Every structure is written in structure tokens, then in C-alpha cells.
Amino acid sequence: DEVIHLLGPSKTDSNVSIITITTWLPEPEPEQAIISFNSTTTTTIGIILPFDSIFFEPSEEKENHPNNNNASSPPPPPLPPTPPQSSSLQSSAEQQIDSSTRAIGQVTFLNSTTSGRIILASLALGDPTLATCAALGAITSTSTARIIGLDAQSWKDGLWGYNGALVGCAASVFSVGVTGGAYYFPYVVASTMLGAAATPVVSASLKSAMPNVPQWTWSFNIVALTMMLRSRPLLEVVDESSVNVTTEKAAVVASASSTSAVGDILASPLAGISQIFVVNSHVTGGGILAATYYYSPKLALHASGGSAVGCLVGLLSAGAPLADVSAGLWGYNSALASMAVGVFFVESRASSALSVAAAAASASLFGAMATLFGTYGVPCLTLPFCTVASAAYLLEGRVPGLRFAKEPHSPEKNR
């Protein structure tokens, strides 16, 4: 063995004081060396093979030395406290309320929590029970969509909830209960929750089955009519042993008189807007129109104009009873169809003409469907709107001047 001691610089000049090199020269192996650095601050050991290559492994342990930079480093900042679970739950509840409120607005294409609140308040003025069922339906359907993992952005925009809100409205008006046709509120609540929970599942299925058109309110129609075709709410029961007689119930026209005053006819467009939510109230219709105007003044024009065209068609062409017209039954499908054109198409002369034509076509189709579905004791709901809106949507690219909006919103913002 050969031991070589090299005297290094003094301790005042460097942290390294002495270097000790020990070598072995076995034959025929190449030279190997173990080098150890003895320092007042750090002990480092390296194993070298061959001799001219040196690798160092610093030790994990270090002494506290005045020149050690780490000695003067401040301690790491403490970890932020874990937020309490109650804050997370509160945030989740706020998101749920926001989504459900938007869902109520999305019935009339309004992606706005403020508009949704105005509409809900307007419904409460016209029918508090119906407003409660609408809110319950929206909450149930949005919760179901979140639990089963449907699209998160659509959930935030309330698109999984508006059909559920409409199911709640229909259940409030058309449920006949389980006790000889009597109105039974627990049955209404159960019908609302079960039906509303089914709507996002149906909507997700229809999205794959009908990829070329929006969802509209097809899901609401499918679920609500499935529930009502058994109860047949538009038929009166003569007695327990008799057969149901096809007599239209007075509740359908919301107690509208057959000798409606001229003022009621003039206000029928507002009633038509309220009938979108199955309410017969000029005040509710005015509130919904105000919520629409807050979101888009031109879209409010589509709503009121479409409802007016539908009521006019009922008066002049179809010979509808004045009671039905003044109750707004001829206006709500037309209002929705006209609004659909305003939301999805870029504003132009062609789209304006299509808006009026869609309103007239929806009213005409309502007259036919109401008669057909009435024989089975059920309303046609918004089937005329869905049919006409789908047909109008498919006209894009086939009629000059009709162009889809890149991001559908309102006539003011569509480009």
C-alpha cells in the first residue's frame, strides 16, 4: 500500500483542510482509489474506477458551521391550513343553486341566474305551488345529472335541468293523484322528482339519437306524456264504475270564460308567454317577458311577437274558442318557436321571416295536435314547438340568408 498525504490550504482559506489518498495497485486490475475529504463542514466519499475519473457522493449529514449558508436560511413557510369541510359543502351548494336557477331560465333560452330568479318569482305570483314544483324539478334533474357524471359545462349552464323544471310545472297542473282523481300534493311531489330525475337520462340518449338538432324540450314531452297517458288528466270521471268520458276539463283553460273581454284577448300574448310554464296569468307572462328583456331586448321581441302571431292564428284561421285564445293556449308554442330562431340564427331578414313563419306554423300544428291528443285525455304540451323548431333548424344552408350563430346567445350577440 502507498499512502500519500497532501497538505491542503489552511482552514481560514477553505473548508477543506487535509486530503488523504489511498491507492491499491493490484495486478492485472486497473488502478482504483478511494478518496476521502475530511472537512470541518462536510464529509465526502468517492469511489473511482479508473483512477482518472472521480465521482463524489455528498453525505446527508452536515454540521452546523458559521460559514454554512443553510444555517442562516429561514425556516420553510408553514403549509396553508386545510380549508374546513363546511366551506367545500357551501361552495357545492351554491353551484347547485346557480345551476338550478339557470335551468329555469333555460326553459326560454336564458342562460342567466338573474333571469332565472325573475322567472321563478313571476311563477310564484301566478301559482306558488307550481313555482315550488318547478324549483324542485330543476334541483332534482341537475342533481341527477351531476351524480351520473354528465357534461360538466352543460350542467353549469343549466342545460340538464330545464326539462325537469317543466316536468314540475306539468305535474303541479295535471296530476290527478291516486285517490279517485283528487289532487294529492305528496303524489305531485313524487311525480315531480321521479319525472325530473329521468329527463337528463333521456336528454343524454336523445343527444346521440338526434345529433343534428338541439334538444329543445323533447325530453320533457317524452317523460310528461308517459306519466299522463295513464292518468289522462283531461278526462272527467263520471263514477268509479263508468268509462272515462272525453270531456275537456275546465282547469285546462284555467277557468277562462267563454265570453272573454276584449282586454283579455289583447293581453292574450302575455298569457301565452306564461303558458310556457303551464300558468295562465298576465302578470306571470309580464314577469317572464321582463326577464327575457333583461337578457336580450330583441329576444323579448321574438317572444311577444311569436305569442301574438300564435294567438292571431287561433282567432282568424283555426276558429279557436275565445276562452282558449285568451288563456294563452295558442301562444306558448309560437313564442318558443320564434325565440328558438332568434337564439340560433344570425339576425337577418331571412331569420326574421323564419321567426314569424315558425310562430304561425306552431299555432297551426297546435290546433291539430290538441284535437288529436285531447281524444286520449292528454295535452300536446310543447310538441308543436319541438317539431317546428327542428324543421326550422334544418333549413340552415338551404335558404339564402339563414346562417347559424357560432355561439348561440341572442340576436344582439349572434355573429
Side-chain angles (χ1 to χ4, degrees), residues 103-104 106-107 129-130 133-145 147-148 150 159-210 213-237 243-244 246 248-249 251-252 275-279 329 332-333 336 365-366 368-390:
I104 294 174
Q106 287 283 13
V107 173
T129 301
L130 181 142
C133 291
L136 178 61
I139 293 172
T140 301
S141 53
T142 53
S143 298
T144 302
I147 291 172
I148 64 179
L150 296 179
L159 294 176
W160 297 117
Y162 67 92
N163 284 292
L166 286 175
V167 167
C169 295
S172 175
V173 172
F174 295 110
S175 291
V176 295
V178 292
T179 56
Y183 188 86
Y184 186 55
F185 187 70
Y187 176 81
V188 174
V189 172
S191 299
T192 296
M193 296 185 69
L194 290 175
T199 55
V201 180
V202 175
S203 295
S205 300
L206 290 176
K207 189 174 183 180
S208 299
M210 304 169 59
V213 294
Q215 290 296 294
W216 312 124
T217 54
W218 286 110
S219 180
F220 156 63
N221 286 291
I222 293 172
V223 173
L225 288 174
T226 299
M227 297 167 62
M228 287 190 285
L229 279 171
R230 180 187 177 278
S231 61
R232 305 174 75 183
L234 301 190
L235 301 181
E236 287 186 348
V237 179
V243 180
N244 290 332
T246 56
E248 188 173 351
K249 296 178 69 177
V252 179
Q275 286 286 5
I276 295 173
F277 292 86
V278 206
V279 179
L329 297 179
Y332 70 95
N333 280 288
L336 285 172
L365 189 57
F366 168 80
M369 284 189 170
T371 302
L372 175 62
F373 281 75
T375 61
Y376 296 96
V378 295
C380 64
L381 301 178
T382 58
L383 284 176
F385 150 64
C386 290
T387 305
V388 172
S390 297

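Just so you know, these numbers come straight off a predicted model, no measurement behind them.
Using a 4.5 Å heavy-atom cutoff, the side chains of Met228 and Leu234 are not in contact. Between Thr140 and Thr192, every side-chain heavy-atom pair lies at or beyond the 4.5 Å cut-off. Side-chain contact between Pro379 and Phe174 is present, with at least one heavy-atom pair separated by less than 4.5 Å. Counting heavy atoms from C-beta outward, Ser172 and Val278 have side chains that stay 4.5 Å or more apart. Looking at Val223 and Asn163, their side chains never come closer than 4.5 Å, going by heavy atoms from C-beta outward. Contact annotation: the side chain of Leu381 approaches that of Phe220 to within less than 4.5 Å [non-hydrogen atoms, C-beta and beyond]. Taking the side chain as every heavy atom from C-beta outward, Leu329 and Phe366 approach each other to under 4.5 Å. Considering only heavy atoms from C-beta on, Leu206 comes within 4.5 Å of Ile222 through its side chain.
The minimum heavy-atom distance linking Arg232 with Thr375 is given by the pair NH2-O, 3.9 Å. Of all heavy-atom pairs spanning Cys169 and Ala134, the tightest one is SG-CB, 3.7 Å. Heavy atoms only, all atoms of each residue included: Ser191 and Val167 are closest at O-CG1, 4.4 Å. Between Thr142 and Ala103, the closest heavy-atom pair is CG2-CB, 4.4 Å. Pairing each heavy atom of Ser175 with each of Ala171, the nearest pair is OG-O, 2.6 Å.
For Leu194, the side-chain contact (heavy atoms from CB on, under 4.5 Å) test picks out no residue, with sequence neighbours left out.
A distance of 12.0 Å separates CG of Leu235 from OH of Tyr376, quoted to the nearest 0.5 Å. Distance check: Tyr162 OH to Ser141 OG gives 10.5 Å after rounding to the nearest 0.5 Å. Between the CG atom in Leu372 and the CG atom in Leu365 there is a gap of 10.0 Å [rounded to 0.5 Å]. Residue Met369 holds its CE atom at 9.0 Å from CG of Asn333, rounded to the nearest 0.5 Å. The distance from atom CG of Leu150 to atom OG1 of Thr144, rounded to the nearest 0.5 Å, is 9.0 Å.
Between the side chains of Ser203 and Trp160, no donor N or O sits under 3.5 Å from an acceptor N or O.
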Query raised in the report: What do the steps show when you test Asn221 against Cys386 for side-chain contact (heavy atoms from CB on, under 4.5 Å), and what is the final call?
Result: CA-CA 9 Å; Asn221 286 291; Cys386 290; 3.6 Å; yes
Query raised in the report: What do the steps show when you test Leu383 against Trp218 for side-chain contact (heavy atoms from CB on, under 4.5 Å), and what is the final call?
Result: CA-CA 7 Å; Leu383 284 176; Trp218 286 110; 3.8 Å; yes
Report task. Assess whether side-chain contact (heavy atoms from CB on, under 4.5 Å) is satisfied between Phe385 and Thr217, documenting all intermediate values. Result -> CA-CA 8 Å; Phe385 150 64; Thr217 54; 3.7 Å; yes
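Side chain of Ser219 to main chain of Gln215: no donor-acceptor pair is present (N/O by atom type, distance under 3.5 Å, no hydrogens or angles).
Surrounding CE of Met193 are at most 12 heavy atoms belonging to other residues, nucleotides or ligands under 6.0 Å away.
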